[in-house]
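Right, one structure below, let's go through it.
Please read all numbers here as calculations on a predicted model, not as lab measurements. All residue numbers refer to positions in the sequence shown, counting from 1.
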Amino acid sequence: MFRLDSFRNRLLILFAGMSFVLGLCITLYIGKTASAQMSKTSGQTLYIAAKSISNTLANSLTEREREMVLLSQSPFIAEADFYNPRVQLQLDQVKKSYKYYAWLGIANLEGKVEVAADHLLQGADVSERDWFIHGSKQVYLGDVHKAVLLAKKIKAINPNEPMRFIDFATPIYDPATHKIKGVLAAHADWSWASHVLSSALSENAAQRGIEVFIVNQQGEILYPFKSIGQVNPPAYRENRAHYFLHDWNEDQQYLTTDVPVLSQTKMNLGWHVIIRQPVSIALAEVRALQHQILAMGFILSLLLLLLTYKLANKFSRPIETLAQSAHAVEKGQEDIRFETQTSIREIQGLSQSLQSMTDTLLSQKHQLQEANATLEQKVVERTHELQVANVELAHIARYDALTGLHNRRAFNDYLEYLFTQMSRTEQTYAVLLIDIDFFKKVNDTFGHEMGDQVLQRVAEILPSTLRITDFVARLGGEEFIALLPATTLDGAAHLAEKIRMTIEQEQMIENHPISLSIGVSLVQLDDRDMNDAIRRADKNLYLAKQQGRNRVIASLTV
């Protein structure tokens, strides 16, 4: 009969209860701490991935819009008649330069497509299209939509989904009258989003239950297509933390992060990148560890219960010593040794068991702390990788991929700096507009690979013939430009002649000389626009070509 007034039974109940509470507290503490740390780590990892995708989307939208604006301002389009073959050629080249351009064309003020890359939809009436209506007034960026007519005429990049597009449009202004003469527009294939996501996520993201969604301003899913109408993402809230738990109107909780896409475009589409991961997967390791600790604690509790029941009358005092040691462990001390002054073998065994249990729990605690430190190191490494990737993206944004020279964007920034400095200090600068003669013939005769080698060789020679303070960039195609600070017109013409002679003497292609035509101009203090000097250089370049090419034309006015 089990009596509560029995010392042995009371000792049994006391020791068993103490062991159970001790194991439970350690288990709950370790589990709660590990769960919170791993939730934070997993949430930060999802947020970093979403931020990376958001930045990539924003940068791509900004670059595509900037490319359209720059193309609309190019002399080939802004100054030329739309029926000029060079306009057609430039549209074809721009479309080929970016695989996700599904359509690129120019419509006149009546809404008729005058010229288009690959002659696609040429002559079509687009006066009722949103991109034409808005694009004839301002720079326009249209949200994802279907285009039935265009989809019938081109091959889908992703045949498993219906074709969807994003619209870019901008007015084309006549440089002489400053009046709108047409609308330049492009349709970008939405499958571009798949490429952005595939490059931003790890290979085992799907295995870890990670899902990425792109939603519009109304909270409707744009990507992936299979989730449209099937998944209901949580509404966006500005003051929400970087990551949070949400059930998504489903039967489980998800670790979720929501990052807006903040592009530098004229219009904000209000997109968001949302990433989710089931909590059951994100915290699977912590729960497995909790179960192991709980099972081990239960087994040890049973062992202690049996030993206490059989030997309670023989070790009351040694047990008090052991209980005191156990309380010390409960308070967080880790250097406790379970030692008793007794010759009873069973009590010594109990002491050893308690020591083993404590060592095991502390060992697992230390292992968990090391695991947390490893996770933190991985987050630091991922953050460093993202920083390196951002530096590479910044370099790509300012340098031409083929020649290694500065690109148009970097040139525009430096031109604006020089023009502003000239306005303050009246320190003028010269402009060299350089064009490779008969470059199309090189491509047609020797192939585009040889044409690229010619461009690269010219790009190597130009900086070596210029001064260290001069700036040289590739404008596009076979056209280069140089800015010469604190240089007179005669000095610039002399330097241009040196460049022309150097290229003329360079044997790039056997039995086929390569030459340059160069237009030279000097910025003037009464110039109101930083492109005035470039326009004069462009006209001098035109005169050089009219007079037989392979020559330098320099003048203050044209």
Taking atom types as modelled, find out whether [X] and [Y] have a side-chain donor-acceptor pair closer than 3.5 angstrom.
X	Y	answer
Q44	Y243	no
Q456	D452	no
S521	N540	no
T257	R276	no
D532	Q524	no

Could you walk me through whether L141 and I166 pass the side-chain contact (heavy atoms from CB on, under 4.5 Å) test, one step at a time? CA-CA 7 Å; L141 172 60; I166 306 172; 3.8 Å; yes
Distance flag, aromatic centroids of F411 and Y414, threshold under 6.0 Å: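 Between Y414 and F411, the centre distance exceeds or equals 6.0 Å.
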Is it the case that the ring center of H187 lies less than 6.0 angstrom away from the ring center of Y101?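 Centroid distance Y101-H187: not below 6.0 Å, so no.
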On the 0 to 90° scale, with breaks at 30° and 60°, tag the F446-H512 ring pair as parallel, tilted or perpendicular.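 F446 and H512: perpendicular rings.
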What distance do [X] atom [atom1] and [Y] atom [atom2] have between them, rounded to the nearest 0.5 Å?
X	Y	atom1	atom2	value
D189	R164	CG	CZ	9.5 Å
L432	L541	CG	CG	11.0 Å
I436	N550	CD1	CG	12.5 Å
M422	Y429	CE	OH	5.5 Å
T428	D527	OG1	CG	10.5 Å
I221	F213	CD1	CZ	5.5 Å

Is there a side-chain contact between L184 and L71, using heavy atoms and a 4.5 Å cut-off?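 With C-beta onward as the side chain, the pair touches.
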Would you call F168 and V139 a side-chain contact if the rule is heavy atoms closer than 4.5 Å?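 Counting from C-beta outward, F168 and V139 never come under 4.5 Å.
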Other residues, nucleotides, ligands: >12 heavy atoms within 6.0 Å of [X] [atom1]:
X	atom1	answer
Q546	CD	yes
M501	CE	no
R86	CZ	no
R500	CZ	yes

Between R535 and D529, does at least one N-O distance fall below 4.0 Å, as a salt bridge requires?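 A salt bridge links R535 with D529.
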If the threshold is 4.0 Å, N to carboxylate O, is there a salt bridge linking D258 and R237?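 No.
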Going by salt bridge (Lys or Arg N to Asp or Glu O under 4.0 Å), name the pairs with one or both residues in [range], residues two or more places apart or in two chains.
range	value
residues 93-111	K95-D118
residues 48-63	E63-R66, E63-R409
residues 474-495	D400-R474
residues 453-466	R457-E460, R457-E506

Looking only at heavy atoms, which two atoms of H178 and Y173 are closest? And how far apart?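 Minimum heavy-atom separation between H178 and Y173: O-CD2, 3.7 Å.
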Heavy-atom pair of closest approach, residues W103 and V113: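 Nearest pair, atom of W103 first, then V113: CZ2-CG1, 4.0 Å.
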Evaluate the side chain to side chain donor-acceptor pair (under 3.5 Å) criterion for residues N412 and E416: first the C-alpha distance (whole Å), next the side-chain angles of each, then the deciding distance (0.1 Å), finally the verdict. CA-CA 6 Å; N412 286 337; E416 183 177 358; over 6 Å; no
I499 pairs by side-chain contact (heavy atoms from CB on, under 4.5 Å) with which of V472, L462, V552?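 Among V472, L462, V552, the one meeting side-chain contact (heavy atoms from CB on, under 4.5 Å) with I499 is L462.
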Carefully, step by step, assess R467 and T487 under the rule side chain to side chain donor-acceptor pair (under 3.5 Å). CA-CA 11 Å; R467 301 165 304 183; T487 304; 2.5 Å; yes
Any donor-acceptor pair under 3.5 Å linking the side chain of [X] with the backbone of [Y]?
X	Y	result
T62	S263	no
Q277	R208	yes
S136	F132	yes

Contacts of type salt bridge (charged side-chain N to carboxylate O under 4.0 Å, His left out), residue D444, not counting sequence neighbours: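 K440.
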What residues form a salt bridge (charged side-chain N to carboxylate O under 4.0 Å, His left out) with D125, not counting sequence neighbours?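 With neighbours one apart ignored, the set is empty.
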Side chain to side chain donor-acceptor pair (under 3.5 Å) for S517 and D435? Distances and angles first, verdict last. CA-CA 5 Å; S517 295; D435 189 85; over 6 Å; no
